[in-house]
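In what follows, a single structure is set out as structure tokens and then discussed.
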Amino acid sequence: MTETQEGAGAAADAPGAPPVPAIELDGVVKEYLAHGEVVQAVKGVTLTIAEGEFFSLLGPSGCGKTTTMRMVAGFEEPTRGTVRLHGRDVTDVPPDRRDVNMVFQSYALFPHMNVWENVAFGLKRRKVPSGEIARRVGEMLEIVALTGREKRRPREMSGGQQQRVALARALVNRPRALLLDEPLGALDLKLRQAMQIELKRIQREVGITFVYVTHDQSEALTMSDRIAVMNDGRIEQLAGPREIYERPATAFVAGFIGTSNLLRGTVDRVESGCAVLRVGAEGRVLAAEGAHRAGEAIAVTVRPEKITISTEEPAGGLSAVRGTVSEVVYLGLYNSYAVSLADGAEVTVFQQNALDSTSTAERGDAVWLSWQPQHSYAIGS
Amino acid sequence: MSASGPRSAGRTRPRGRWTDRLLRIYVWLVLAWLFLPIAVMIVFGFNDTQSKSNVSWQGFTLKWWGRLDEYPDLVVAVRNSLLIALVSVAVTTVLGTLMGLALGRHRFRGQGATNLAMFAAISSPELVMGASLLSLFISAGVETGFATVVIAHVLFSLSFVAITVRARVVGMDASIEEAARDLGATPWTTFWRVTFPMILPGVVAGALLAFALSIDDFVITQFTSGATQTFPLWIWGATRIGMPPQVNIIGTLIFAVGVAVAVLNAVTARRRGT
Ligand SMILES: Nc1ncnc2c1ncn2[C@@H]1O[C@H](COP(=O)(O)OP(=O)(O)OP(=O)(O)O)[C@@H](O)[C@H]1O
Ligand SMILES: [Mg+2]
């Protein structure tokens, strides 16, 4: 637990004062000049990452995740906006004078140095006494389970081992934040999952802020305290994993994270804080929250596993739509149904496979789909 | 199916052995072709010749090794050659390395022109380069001698260093240097601790090439040397009256040094893992 001391020292605030965030981006824009044309890689990102948080930047390829992270590390200078680390404006500070360390997607290990020299590199630059370097490098190699491989060259090691050297090389400096750019991208699925658990354990152990870039939504959901979903240089939603999953703020987030159904309809009336949508002739969808007026056309999302399939008309308090089963796919733990609605929209439903399951719908059956009002949310278009 | 395996193996085996043997013969022929002249040079350094011309084998002797300084102008010429090589290689290595780094790492205005100029310097005939350098020096009022030879040698070997270094730089992951900066290294430290060790094999290879080009250059040196004698120029003069075995010995020594440095570079590059 000695690892946290340096990082936590300065951040220990006077009681009562709000804690100083580890990382703040304020209206950050990054423009590149490519072939005489201005390309906006990041189009105005504002976010605050708290001390000790596991924060993920999630988004499709080319959405600006790496660029955002490189501005935090100091490799790119924002065209506009400011970057603050622990309250200090570092927008113009070079990377070697920022209190953060980065783990590169390609690992970027020094090929002419062995494992020990790689890990000790940062401490030597900081003129740490050699006795302490030896102790800290030893400790760190123990944490990443590489003790006994100090003399190996990077290219004599497997991908997973190199990844851990890269992690140790950054962590040994006890940075106040660790930036990881798709650090598991080059690993196969099994090793990837093992390393996810490992990373999470290490983060708990050293207790420092992790900023994690990934385009893998399940990785972000399982590991993060909070996630910023990025698209086309902007943050679409910034929230905890559960909220991102259950209450996607935009159609993009709903589509990017897991499977989601998008239903469009017109607001019929507003009843006790619930907008009631008319969907098709008999369908009604209740959307909690949001100020909506009658006559307004909106879209709502609902996750496939929240929907119940039945042949009888469901009770009054639920959202309910009618449709015809067009496809049933057996997926072991659950069945996946594709249900076509009267207006042509297709809804995906996951239904768990209970052993005594009697209510299995067949292809061609006319069915009711129903779900609790709190499981559908109106989203921005 | 099961029978085709052994049968095809039985058929290809002798053919494989036959082509193997052919390949081995070919390799030895190429090696002989490359090294026979060098072997002759080395052997005739030990020739107990009596006449001025050292062309027929007279018996083994070590006496020439003790009389390396028999011809004072030869000693001067060799010393000049070594000095010219050392100075021009030093200048070429520094300039060529910087050029290789710039060409491999950055996009800049004039990059295409630089590449073209480098290629032109490599491919233009020595005779043309020598003659044009001479007229340049004359019209600029520069007296030809040691300095002009160094300038000329830097000129024709610069491209070789730049190209070997550029090849290293291009093959290098740029994020490795960023990692060094990220870990607290200044640009200066990053260069000496990370960039330079990684491009070092290219720098050494380029320097070796420059040394080899400089030490035995004749044509351009002839044009630009003025009164300065170099080893190749001295040999050229001596061939008319007969070449003493000392020339073979000095050639052998230069060859041995070159081989030693090349082997050292290969071995340390492998050990460094780069
Ligand atoms: N140096 C550059 N010059 C010009 N355009 C750039 C440069 N770097 C990035 N871009 C552009 O900026 C956009 C964002 O790039 P960035 O690398 O941040 O994406 P990313 O979200 O990390 O994607 P990936 O998941 O593929 O790594 C892309 O469209 C990219 O083409
Ligand atoms: Mg990226």
Side-chain angles (χ1 to χ4, degrees), chain A residues 33-35 66 69-70 72-76 93-115 117-128 151-157 165-175 177-182, chain B residues 93 97 100-101 104-112 164-207 261 263-274:
Chain A
L33 205 63
H35 307 289
T66 297
M69 174 162 280
R70 289 171 60 81
V72 176
F75 298 124
E76 308 283 355
V93 176
D96 47 317
R97 287 194 271 127
R98 294 192 188 195
D99 250 2
V100 297
N101 282 130
M102 182 144 166
V103 177
F104 292 80
Q105 176 162 13
S106 58
Y107 311 142
L109 298 176
F110 306 126
H112 56 294
M113 299 182 195
N114 63 30
V115 168
E117 292 162 335
N118 263 281
V119 177
F121 188 88
L123 296 177
K124 283 189 182 158
R125 301 289 81 74
R126 286 178 175 76
K127 308 266 189 292
V128 174
K151 291 278 173 283
R152 293 272 188 101
R153 300 266 169 191
R155 56 169 199 152
E156 297 164 350
M157 308 186 76
V165 176
L167 197 62
R169 184 179 69 174
L171 277 175
V172 76
N173 306 296
R174 297 171 190 166
L178 188 69
L179 312 174
L180 304 103
D181 188 0
E182 307 208 25
Chain B
T93 305
T97 300
L101 278 167
R105 184 56 46 78
H106 306 289
R107 319 252 111 235
F108 54 89
R109 194 180 293 262
Q111 190 160 27
T164 53
V165 171
R166 183 180 62 180
R168 281 307 287 197
V169 173
V170 166
M172 191 175 140
D173 180 3
S175 56
I176 293 177
E177 285 166 300
E178 290 182 343
R181 294 299 308 279
D182 187 62
L183 292 165
T186 58
W188 180 254
T189 316
T190 301
F191 180 79
W192 287 112
R193 298 272 169 169
V194 175
T195 316
F196 189 69
M198 285 177 71
I199 62 168
L200 187 58
V203 174
V204 173
V261 178
V263 167
L264 198 71
N265 188 38
V267 168
T268 53
R270 185 173 308 170
R271 176 120 32 89
R272 274 195 307 267
T274 51

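Lettering follows sequence order; numbering is per chain, from 1.
Considering only residues two or more places apart in sequence or on other chains, A:Arg125 meets the salt bridge (charged side-chain N to carboxylate O under 4.0 Å, His left out) condition with none of them.
Interface residue A:Arg169: backbone and side-chain heavy atoms are both found under 4.5 Å from chain B. B:Thr189 touches chain A through its side chain: at least one heavy atom from C-beta onward sits under 4.5 Å away, while N, CA, C and O do not. Residue A:Leu109 touches chain B through its backbone alone, counting heavy-atom pairs closer than 4.5 Å. A:Arg126 touches chain B through its side chain: at least one heavy atom from C-beta onward sits under 4.5 Å away, while N, CA, C and O do not.
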Show me, pair by pair, the donor-acceptor contacts under 3.5 angstrom made by side chains of residues 169-176 of chain B, not counting sequence neighbours?
unit_1, atom_1, unit_2, atom_2, d
B:Asp173, OD1, B:Ser175, N, 3.0
B:Asp173, OD1, B:Ser175, OG, 2.8
B:Asp173, OD2, A:Ser106, OG, 2.8
B:Asp173, OD2, B:Ser175, OG, 2.9
B:Ser175, OG, A:Ser106, OG, 3.2

Exercise. Assess whether side-chain hydrogen bond (donor to acceptor under 3.5 Å, both in side chains) is satisfied between B:Glu177 and B:Thr195, documenting all intermediate values.
Key: CA-CA 7 Å; B:Glu177 285 166 300; B:Thr195 316; 2.6 Å; yes
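Note: A:Pro95 leads A:Pro95, A:Gly122, A:Ala166, A:Gly74 in heavy-atom pairs under 4.5 Å with chain B.
Partner of A:Pro154 under the side chain to side chain contact (heavy atoms under 4.5 Å, CB included) criterion, chosen from A:Asn118, A:Val115, A:Val165, A:Asn114: A:Asn118.
With hydrogens and angles ignored, the 3.5 Å screen pairs no side-chain donor or acceptor of B:His106 with any backbone N or O of B:Gln111.
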